[in-house]
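Working notes, structure below.
Along the sequence shown, residues carry numbers from 1.
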Amino acid sequence: SAPANCVYISSTGLAVTGTLSATGDTTIYNATLNTPRVLNLIANRTSIGTLGTLNFGNSQFNSSEASIVAAIDASLDDARLSFSTKPTGGVITERFRFGSLGQFGIGGATYGTAGQVLTSGGSGAPPTWTTNGAGTVTSITVAAGTGMSGGGTVTTSGTVTLTNAGVTSVTAGTGIS
């Protein structure tokens, strides 16, 4: 069963159904042991838009420095979750998004396409989606392991040969001979 609500916020206001204690920081508290608390942000939406926002800011700058936003994604009964941050001297920008179908986007609704991989942008830069393209192998080295001899390097085309130099017993898995 769902846990009981302590604080319920809707478009008509705030309702406290448990014990609400505010002492400088706002604390949602219930003295009943092993009882989880839930904070519900409920919007009355009839069109696509924001369902709720948690803003994190610094009163020294009177601005939002980071936020978590829940919004209707494609239809009235689904939602996405977005995370935004603000760099020094910049503006708050969406950095990461979970879509309603479980997809994740870097920098918003940039979910990439089938076959793409995330590529690091290096220290201090966001990753990007990259298509794995065909490439050219310029060198492959095969080293002989324990009980083997041979090996070598192929730089353009060719064959590398490994020879059994002392392996006397091999246990093969099912279907391997």
Side-chain angles (χ1 to χ4, degrees), residues 1-3 5 8-11 28 36-58 61 63-146 148 150-162 167 170-177:
S1 68
N5 295 323
Y8 183 86
I9 303 172
S10 71
S11 59
I28 298 174
R37 299 292 86 200
V38 174
L39 175 63
N40 289 310
L41 300 175
I42 307 295
N44 187 6
R45 301 282 324 182
T46 58
S47 62
I48 292 176
T50 299
L51 295 168
T53 302
L54 293 176
N55 283 315
F56 304 89
N58 183 344
F61 298 100
S63 66
S64 181
E65 312 304 324
S67 68
I68 301 172
V69 176
I72 293 172
D73 201 14
S75 64
L76 294 178
D77 65 344
D78 69 9
R80 66 175 181 262
L81 195 60
S82 304
F83 296 82
S84 300
T85 61
K86 177 182 164 190
T88 301
V91 296
I92 193 163
T93 304
E94 183 177 351
R95 307 295 181 183
F96 193 82
R97 176 185 294 193
F98 290 102
S100 62
L101 298 175
Q103 69 274 44
F104 62 94
I106 304 298
T110 53
Y111 300 122
T113 58
Q116 286 190 313
V117 296
L118 281 175
T119 303
S120 173
S123 177
T128 56
W129 290 105
T130 305
T131 300
N132 253 349
T136 302
V137 176
T138 56
S139 178
I140 296 177
T141 301
V142 178
T146 304
M148 303 292 286
T153 301
V154 175
T155 56
T156 54
S157 66
T159 303
V160 174
T161 302
L162 294 174
V167 177
V170 174
T171 303
T174 304
I176 301 172
S177 56

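Within the model, atoms CZ of Arg95 and CD1 of Ile106 stand 11.5 Å from one another, a figure rounded to the nearest 0.5 Å. Separating the CZ atom in Phe56 from the OG1 atom in Thr85 is a distance of 12.0 Å, to the nearest 0.5 Å. The CZ atom of Phe96 lies 10.0 Å from the CG atom of Leu81; values are rounded to the nearest 0.5 Å. Between the CD1 atom in Ile48 and the CG atom in Leu76 there is a gap of 7.0 Å [rounded to 0.5 Å]. Atoms CZ and CG, from Arg45 and Asp77 in turn, are 14.5 Å apart once rounded to the nearest 0.5 Å.
Shortest non-hydrogen contact noted between Ser47 and Ile72 is O-CD1, 3.5 Å.
Counting heavy atoms of neighbouring residues, nucleotides and ligands inside a 6.0 Å radius, atom OH of Tyr111 exceeds 12 of them.
Using modelled atom types, one finds no donor on one side chain facing an acceptor on the other under 3.5 Å when comparing Thr119 with Thr128. Side-chain polar atoms of Ser84 and Glu94 form no donor-acceptor pair below 3.5 angstrom.
For the pair Thr93 (side chain) and Val91 (backbone), a donor-acceptor distance under 3.5 Å is present. Without hydrogens or angle criteria, Asp78 side chain to Ser100 main chain gives no donor-acceptor distance under 3.5 Å. Arg80 contributes no side-chain N or O that, together with a main-chain N or O of Ala70, makes up a donor-acceptor pair within less than 3.5 Å. In terms of modelled atom types and a separation under 3.5 Å, the side chain of Ser120 and the main chain of Gly122 share a donor-acceptor contact.
Using bins of under 30°, 30° to 60° and over 60° for the plane-to-plane angle, the ring pair Phe98/Phe83 lands in the perpendicular bin.
Residues Leu118 and Trp129 have side chains in contact (heavy-atom distance under 4.5 Å, counting atoms from C-beta outward).
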